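What follows is a set of notes on a single structure, which appears directly below.
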Amino acid sequence: MPSIIVGTAGHIDHGKTTLVRALTGVDADRLPEEKRRGITIDLGFADLDLGDVRIGFVDVPGHERFVKNMLAGAHGIDVVALVVAADEGVMPQTREHFDIARLLEVKNGLVVITKIDAVDGELLELVRAEVEELTAGSFLEASPIVAVSARNGAGLDELRETLRAVGRKVPERSTRTITRLPIDRAFTMRGFGVVVTGTLVAGEIAEADEMELLPGNHPVRVRGVQVHGASVGRARAGQRTAVNLAGVEAATIERGMVLAPVGSLQTTQIVDAQIEVLASAPRPLRSRQRVRVHLGTAEVLARVAVLEAAGEIAPGAGGLAQFRFESPVVALPNERFIVRSYSPPHTIAGGRVLDAHAAKHRGRERAEARARLATLAGADDAGRVAVYVAMSGERGLRRAELVARTGWRANVLDAALIEAAKRGEVVNAGGVFIGRAAFESLMKRAVAEVEAHHRREPLARGLARETLREKVFARVAPEVFRYTLEGAETSGALVAERDIVRAASHSAELTGADAQLRDKLEKVYRDAALEAPTFDEALARAGGSSANRERGRKILQTLIDAGTLLRVTNDLLFHRAALERLTKSLREYAAQHEPERLIDVAAFKDLSGVSRKYAIPLLEYFDRERITRRAGDRRLIL
Ligand SMILES: Nc1nc2c(ncn2[C@@H]2O[C@H](COP(=O)(O)OP(=O)(O)OP(=O)(O)O)[C@@H](O)[C@H]2O)c(=O)[nH]1
Ligand SMILES: [Mg+2]
């Protein structure tokens with residue numbers, strides 16, 4: 001059976017609560033203070049089973065001081081029932097609540113003219129005309145207007161029929177976004193523990209779900225779920241839902257928090273949005289203005305930064321603006337919100353989130369931000385994801401970050417990413433998504449850096465991979481570094497060889513005197529074996545002159561790059577052949593010392609014939625190479 005949420009709306013004392021009671025038998029005014037004063041202060045709830053449609057009523061206060069409570073109830077409704085008393089007609093909160101429903105883009109509604117027993121037919125027609133004037137050109141223009149009296153029951157049957165017809169028209173809630181329950185109440189129930197309630201705006205909640213409360217990321221577990229006062233296995237989007245939670249105290253939960261699957265959403269404090277300022281607003285929306293933003297069930301103070309060139313958005317006009325919240329909120333793209341003035345609080349604007357995790361846009365960045373937001377406002381999913389990724393620059397975004405930014409479920413996000421990649425706008429760099437432009441710029445800079453190195457050091461085989469990372473990829477994820485190098489290799493620009501990266505066209509082949517000196521140096525080290533010379537000794541033995549010391553060093557480096565010479569400490573080099581022989585001796589020693597396979601420094605000195613000065617660095621080298629492992633003051637031969 002379809003289940004829909006109907007929210008009341010309208011001026012104080014126009015008969016909203018009485019109407020809900022006449023339909024459901026439930027008095028939604030549950031607070032003692034409400035009963036004493038005869039007015040609604042906070043949200044009330046009641047259910048109505050119409051046979052083929054199930055209605056959850058959210059009854060709101062009409063008093064202008066409690067509009068903030070009204071807003072906490074209005075955010076998740078499918079249908080608004082705008083209540084107008086026949087004896088008073090359209091009043092200030094009739095207009096304000098109507099504006100709110102319009103700005104929140106509530107799609108369906110009806111108008112209920114109440115207290116018809118208190119007026120004659122002529123006055124009723126006057127009120128009807130007033131209502132038609134108010135709703136002309138709006139989502140309520142063609143909606144039914146039902147005249148009732150809760151006192152004598154007139155019109156109630158017609159109202160039930162109308163509610164059923166409207167209810168059947170309400171489309172199913174979208175299944176695109178992650179489960180979210182904006183909380184409107186939290187209390188402790190004896191024998192149950194903590195219970196939170198709200199309108200489940202997306203997804204499903206079932207017993208044993210691991211969830212969290214945001215802001216604050218309090219982890220909680222679902223102990224039970226109730227819909228319309230009965231326990232259910234699973235609550236679905238569009239239902240008034242009560243959730244029994246384990247792992248949290250009621251005192252830490254307040255209205256405005258959001259219950260969501262653990263680890264899925266992130267709070268934000270800067271949001272870019274499309275704004276519509278009410279024609280009735282007393283002045284334009286201006287930068288630096290302090291406002292109250294109502295998003296979901298939350299009310300958060302924020303400073304406005306108008307992004308329009310004019311610096312303000314006039315009454316009756318639309319435009320782009322940024323909100324800098326004074327405390328963190330959960331916000332997702334496309335969510336609707338209401339803006340009220342700080343003091344005295346009046347509804348002045350409403351809007352739609354475009355970028356829920358925005359950066360501050362200073363001075364000249366504003367024009368760029370405007371262009372981006374205009375793209376976002378009109379983009380499809382793939383276009384939207386491409387904008388978010390492009391905004392992250394070369395840092396890129398991981399999947400989890402994209403989930404938090406879009407609020408999309410996995411299938412929606414994946415489809416958007418695949419399409420964006422197909423369009424060539426987004427690159428999947430091994431799990432980190434970066435924009436095509438950022439990726440190409442990284443690749444270009446990497447190639448330029450390697451080529452510059454070749455020009456500086458023509459004898460060197462290439463640039464150390466780690467140096468390249470520090471110079472060009474310092475701020476990017478390791479995945480992006482790896483992916484870019486692979487890309488440069490595939491395109492034939494670079495070649496990565498072990499820990500060196502070189503231009504594909506670069507060759508460090510030495511010729512003439514250089515090649516001769518290299519061969520001599522190699523022979524010096526080969527002959528010296530474990531009696532490794534210092535560089536200057538080696539150069540002298542190879543017949544090189546100290547005048548050519550720098551060149552000699554570079555030639556020596558080519559032997560290191562090629563793996564012929566191995567660096568044991570910074571200035572202690574051995575020929576590969578000598579270390580390979582020593583490794584072999586170590587393994588033979590181990591075979592003779594099964595099962596311990598242990599060797600101490602003295603035995604190692606005997607085995608290798610080196611002095612203590614070399615023995616320790618060599619053993620440490622073997623440790624690094626995983627040929628040995630320290631075991632107390634001995635070594636285990638691996
Ligand atoms: N004569 C008459 N009186 C009504 C009718 N419906 C409600 N009333 C009276 O109007 C007064 C206000 O009704 P409520 O239902 O509390 O009005 P409300 O819109 O819920 O008021 P708030 O929640 O405070 O905004 C009460 O005294 C009701 O008895 C009706 O159909 N006919
Ligand atoms: Mg009421």
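All of these numbers come straight from a predicted model, not from anything done at the bench.
No side-chain donor-acceptor contact under 3.5 Å links R518 to the backbone of I555. Judged by distance alone, with hydrogens and angles left aside, the side-chain atoms of T268 form a donor-acceptor pair with the main-chain N or O of A356 at under 3.5 Å. Checking side-chain atoms of Q322 against main-chain N and O of A359 turns up a donor-acceptor pair under 3.5 Å. A donor-acceptor pair is defined here as one N or O able to donate and one able to accept, closer than 3.5 Å; such a pair exists between the side chain of R336 and the backbone of L103. Between the H453 side chain and the G462 main chain, a donor and an acceptor come within less than 3.5 Å of each other. At least one donor-acceptor pair closer than 3.5 Å links the side chain of T297 to the backbone N or O of G256. Proximity of a side-chain donor or acceptor of D414 to a complementary backbone N or O of N411 within less than 3.5 Å is not detected. R399 places no side-chain N or O within 3.5 Å of a backbone atom of E401 that could act as its donor or acceptor partner. Remark: side-chain polar atoms of Q269 are paired, donor with acceptor, to backbone N or O of F325 under 3.5 angstrom. A donor-acceptor contact shorter than 3.5 Å is absent between the side chain of R465 and the backbone of D499.
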As a quick check of understanding, evaluate side chain to side chain contact (heavy atoms under 4.5 Å, CB included) for T252 and L213, giving each step before the final call. CA-CA 10 Å; T252 55; L213 288 162; 5.6 Å; no

Could you give me the CA-CA distance, side-chain angles and deciding distance for L442 and V472, then say whether side chain to side chain contact (heavy atoms under 4.5 Å, CB included) is met? CA-CA 7 Å; L442 277 173; V472 180; 4.2 Å; yes

Test side chain to side chain contact (heavy atoms under 4.5 Å, CB included) on R576 and T564; report intermediate values, then the result. CA-CA 5 Å; R576 169 180 290 275; T564 312; 5.7 Å; no

Start with the C-alpha distance between L320 and D272, add both sets of side-chain angles, then the distance that settles side chain to side chain contact (heavy atoms under 4.5 Å, CB included), and finish with yes or no. CA-CA 7 Å; L320 297 166; D272 286 343; over 6 Å; no

Pair K554, D514 - check salt bridge (charged side-chain N to carboxylate O under 4.0 Å, His left out), show working. CA-CA 10 Å; K554 286 180 178 167; D514 289 339; over 6 Å; no

Would you please test R102 and D99 for salt bridge (charged side-chain N to carboxylate O under 4.0 Å, His left out) and show each step? CA-CA 5 Å; R102 199 170 51 75; D99 282 337; 3.5 Å; yes

Working note: F337 + F323, criterion ring-ring contact (aromatic ring centres under 6.0 Å, His included); need CA distance, chi angles, decisive distance, verdict. CA-CA 12 Å; F337 59 86; F323 292 89; 5.5 Å; yes

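L200 and R173 make their closest contact through O-NH1, 4.4 Å (heavy atoms, listed as atom of the first residue, atom of the second, distance). The two residues E308 and R370 have their closest heavy-atom pair at C-NH1, 3.7 Å. Shortest non-hydrogen contact noted between T179 and P261 is O-CD, 3.2 Å. Closest approach of V450 and A503 over heavy atoms only: CG1-N, 3.4 Å. What you find for A314 and P284 is that their closest heavy atoms are CA-CB, 3.9 Å. Of all non-hydrogen atoms in V277 and P315, the two that sit nearest each other are CG1-CA, 3.7 Å.
The CD atom of E394 sits 14.0 Å away from atom CD of E440, with the distance rounded to the nearest 0.5 Å. Residue R635 holds its CZ atom at 4.5 Å from CZ of R630, rounded to the nearest 0.5 Å. Put simply, CG on L332 and CG on L265 are 5.5 Å apart, with the number rounded to the nearest 0.5 Å. Taking OG1 of T484 as the reference point, atom CD of E489 lies at 12.0 Å (rounded to 0.5 Å). In this structure, CD in E620 is found 9.5 Å from OG1 in T628, a value given to the nearest 0.5 Å. Note that CG of L565 is 6.0 Å distant from NE2 of H575, once rounded to the nearest 0.5 Å.
With respect to R362 and E365, no salt bridge is recorded, no charged nitrogen being found less than 4.0 Å from a carboxylate O. The existence of a salt bridge linking R436 and E425 is excluded, since no basic side-chain nitrogen approaches an acidic carboxylate oxygen closer than 4.0 Å. E368 and R372 are joined by a salt bridge, as a carboxylate oxygen and a charged side-chain nitrogen come within less than 4.0 angstrom of each other. Salt bridge present: R405 and D355 bring a charged side-chain N and a carboxylate O closer than 4.0 Å. The pair R423-E419 meets the salt-bridge criterion, since a charged nitrogen lies less than 4.0 angstrom from a carboxylate oxygen. Here R398 pairs with E479 in a salt bridge; the nearest charged N to carboxylate O distance falls below 4.0 Å.
With a 6.0 Å radius and a threshold of 12 heavy atoms from other residues, nucleotides or ligands, R288 has its CZ atom at or below the threshold. Counting non-hydrogen atoms of neighbouring residues, nucleotides and ligands closer than 6.0 angstrom, the CZ atom of R567 exceeds 12 such neighbours.
T534 has its side chain out of reach of D571: every pair of non-hydrogen atoms, C-beta onward, lies at least 4.5 Å apart. At a threshold of 4.5 Å between non-hydrogen side-chain atoms, the residues L539 and L556 do not count as touching. Annotation: side chain of L566 is in contact with side chain of Y621 (closest heavy-atom distance under 4.5 Å). At a threshold of 4.5 Å between non-hydrogen side-chain atoms, the residues D381 and W408 count as touching. Using a 4.5 Å heavy-atom cutoff, the side chains of N334 and R352 are in contact. Inter-residue side-chain proximity for T199 and I77 is flagged as unmet; no heavy-atom pair is nearer than 4.5 Å. Annotation: side chain of L468 is in contact with side chain of L485 (closest heavy-atom distance under 4.5 Å). The closest side-chain heavy-atom distance from Q557 to R553 is not below 4.5 Å.
Between the side chains of Y342 and R290, at least one donor N or O lies within less than 3.5 Å of an accepting N or O.
In this structure, F433 has its ring center no closer than 6.0 Å to that of Y388.
R340 pairs with exactly one of I100, L71, V293 by the side chain to side chain contact (heavy atoms under 4.5 Å, CB included) rule, that one being L71.
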